[in-house]
Colleague: 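One structure follows; several queries about it will come next.
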Amino acid sequence: MPRWLHRSTALRSTAAALGTGAVLSLSMGLVCYTVTANIIDKNASDRFDGLARTVQYTINGSVKSFTDVLRGTASLFQSTGTLTHDQFRVYVKGLSLEENFPGLETINFAMNFKQGERRAVERKMDELLGHTAKGYPVFAIEPPGDRAEYTTLTYIEPIQSWSNKFGMDLHARTPVAIALGEARDTGKVQTSGYPVQLRPGMMGLGMRLPVYRSGMPTDTVAERRAAYVGSVGIGFSVERMVQRIVDGMRLKGIRLTLSAIGPVPAPPGAPVVLKRAVLFDSLGLKAPPPRLDSKMQHIALPISFNGRTWNADFSIRKVDLYTGFDLYVPWLAMLAGCLSTMLLYALFHTLSSSRQRAVLLAQEMTKELRASESRLQQSNETLRRLGAHAEDIKEGERKRIAREIHDDLGQNLLALRIDAQMLTSRTSGRQNRLHQRALETLLQIDQTIRSVRQIINDLRPNVLDLGLNAAVEWLIAEFRRRTNIQCQLIENDTDIRVSDQCATALFRILQESLANIVRHARATQVRVELRVEPRWISMTVNDNGVGFQPSGHQKPGSFGLVGVEERINIMRGTFAIASRPGIGTTVHVSIPLQDEAGRPTPGSGVMSVVARDTEVV
């Protein structure tokens, strides 16, 4: 190919690669911009929603605290026979309304009495005001005139701001009288559903709660009417209560409108008309309603007001929800997406051009690794065979030493004991000192014979020559005798025939397991299960001791269980251990049953299960 044609082809390939990279980077930049903008919008919306719900919770808490004050005041009048006005002033002053209950303007009590009781009530009020009512004006029922029933304000605090309400008869207004009667009959809190004028220039809401005479039953309507003495009430400014909460908002530009559905004030006898009333607007009660369009974020939440429901409408411009940094983040994300995609594409293009060389290098390395793995496996197999041979040599040497000790030292000790026994018999009754010394020598010879027998058993127990069953039973019996730990043996074959190597391995494994139980487990019960299958023989050792972490047997310096595992690996068996602190430990080993020709060992298929816990003689 001519050089100019080759160069032209390379340029076209490079231009195509650059074009593809530009398209990919621009697409990824747009995706990053969209995702980031949506995340910022969602976070802003969640922040606005969380703030609105916090305000909702705070307003609900304020209303509940006002209700608690109302119930506490009702309890005060109900539990006190005669309450002076000075005592009531001290009670209200102790509440610290301005500090603890912002927006709560007044607390009062209205006494209920009949026309025939009016003179007595006026005399009683004159008497109370003359002695203990500092700052209270002369008591006079307003509006004047005779009525069948009165509910007159007789206690008001703070009196300095509410002296014009002192003596007002709430029963004079028919809608109020009806509400008071309903509260008296039900015992529930009654609220004004429409704003009322608390004092000139201040609109608010009121709540009243009936008060019953202490000690009288109030289970039925008739009983409540008989026990009714009046009602306590509070008046609070919604504007002051809510404005304090609005001032604490962390978002500027948010608008809160609080509205309720309530009856419109009307003259007596007129039908009740419900109307939506705006209780609070952070922009002012005369401000136009908020706009609800795509540029505004809006949420409406309910607020419970003692059986009535207020609507709290929160609105804010979406742009006010974002910080200055939020406006630039999507563009930064777009730029980052474009640059990172372009860099990744360039990296991918560079890597793809050298892929073939990497594949060839990987193939060569794979061949070398496989060859190294094969050599490592051969080395491991050689080490395994060496380990098995070393184990056979060690067991053979133990067997030889035990036999020589038994044949030589054992026979010599036995002959020495016979001579000592004869000397003891001949000196009995004749030479006491020599007889005593002969007895001591005889005891030392017996102790030496026992020590020699113990050494022989430690090297190579003779009971192994009687079969695996007998060896296991003997070892368990010795374990019980030395430790007083309960040990149960379970076998499914009472005549297990295996090779001497297999029997020795299982015996040593059981010996090591029982030794570990004595040293570490602090167990009270041990269970040993020996089972023979058509091609396998397995042994399980379980205790109820303290257990240990599964990786504890692999720590440096711990060779007991490691030796067991290596012994099983030499015989092509499997080894497993399960333990947890406080639960106990279970060791399970399995060894294949095969003779020299590779056939299963005869007599290994018997499945009669025998569980015994007897001493072995």
Side-chain angles (χ1 to χ4, degrees), residues 391 394-395 398 453-464 467-493 496 498 502-532 536-571 573-591 609-617:
E391 192 66 30
K394 183 172 66 174
E395 289 296 335
R398 284 180 174 179
R453 288 177 178 174
Q454 184 63 42
I455 292 173
I456 292 173
N457 283 329
D458 290 341
L459 288 173
R460 166 73 178 186
N462 293 328
V463 73
L464 272 174
L468 181 60
N469 298 86
V472 170
E473 291 175 356
W474 174 82
L475 183 58
I476 290 176
E478 286 292 308
F479 172 77
R480 281 196 292 258
R481 182 181 61 80
R482 292 197 312 269
T483 64
N484 291 326
I485 298 176
Q486 297 181 13
C487 185
Q488 182 185 23
L489 173 62
I490 298 177
E491 303 170 287
N492 75 334
D493 191 343
I496 300 176
V498 294
C502 180
T504 302
L506 290 174
F507 181 84
R508 295 300 185 191
I509 291 170
L510 179 58
Q511 193 175 41
E512 178 65 26
S513 300
L514 295 178
N516 285 336
I517 291 173
V518 173
R519 286 195 297 266
H520 308 296
R522 298 201 294 273
T524 59
Q525 292 182 352
V526 179
R527 183 175 179 270
V528 179
E529 184 177 358
L530 198 61
R531 300 185 62 86
V532 180
W536 292 84
I537 179 171
S538 63
M539 183 174 66
T540 304
V541 182
N542 174 260
D543 66 74
N544 64 344
V546 296
F548 62 92
Q549 293 293 342
S551 60
H553 70 285
Q554 298 177 353
K555 62 183 180 180
S558 177
F559 299 105
L561 293 177
V562 175
V564 171
E565 185 174 5
E566 186 59 30
R567 188 184 293 270
I568 291 300
N569 289 334
I570 290 172
M571 303 194 68
T574 60
F575 168 79
I577 183 169
S579 179
R580 282 193 300 172
I583 302 300
T585 304
T586 299
V587 176
H588 178 81
V589 296
S590 297
I591 298 176
V609 178
V610 180
R612 58 191 178 206
D613 189 10
T614 59
E615 292 290 341
V616 179
V617 181

Colleague: Please report the shortest heavy-atom distance between Ala503 and Leu468, naming the atom on each side.
Modeller: O-CD1, 3.8 Å
Colleague: Indicate the atoms forming the closest heavy-atom contact of Val528 with Met539, along with that distance.
Modeller: CG1-CG, 4.5 Å
Colleague: Evaluate the side-chain proximity of Leu506 to Leu510: yes if any heavy-atom separation is below 4.5 Å, no if none is.
Modeller: no
Colleague: Residues two or more places apart in sequence or in another chain: which of them pass side-chain contact (heavy atoms from CB on, under 4.5 Å) with Ala523?
Modeller: Ile517, Ala521, Asp543, Asn544
Colleague: Answer whether the closest heavy-atom distance between the side chains of Ile591 and Val589 falls below 4.5 Å.
Modeller: no
Colleague: Please identify each residue that fulfils side-chain contact (heavy atoms from CB on, under 4.5 Å) with Thr483, with sequence neighbours left out.
Modeller: Phe479, Ile485, Val518
Colleague: What heavy-atom pair brings Ser579 and Gly584 nearest, and what distance separates the two atoms?
Modeller: OG-O, 3.1 Å
Colleague: Can you tell me which residue among Ile490, Asn542, Val541 is in a side-chain contact (heavy atoms from CB on, under 4.5 Å) with Glu529?
Modeller: Ile490
Colleague: Could you give the distance from CD1 (Ile537) to CD1 (Ile496), rounded to the nearest 0.5 Å?
Modeller: 4.5 Å
Colleague: Determine whether a donor-acceptor pair (N or O, by modelled atom type, separation under 3.5 Å) exists between the side chain of Asp493 and the backbone of Asn469.
Modeller: no
Colleague: Which atom pair, heavy atoms only, marks the closest approach of Cys502 to Met571?
Modeller: CA-CE, 3.5 Å
Colleague: Looking at Thr585 and Gly547, what are the two nearest heavy atoms and their distance?
Modeller: OG1-CA, 3.6 Å
Colleague: Please identify each residue that fulfils side-chain contact (heavy atoms from CB on, under 4.5 Å) with Ser590, with sequence neighbours left out.
Modeller: Trp536, Ser538, Thr574, His588
Colleague: Between Arg480 and Cys487, is there a donor-acceptor pair closer than 3.5 Å when you use the side chain of the first and the backbone of the second?
Modeller: yes
Colleague: Please round to the nearest 0.5 Å and tell me the distance separating atom CD1 of Ile509 and atom CG of Leu514.
Modeller: 12.0 Å
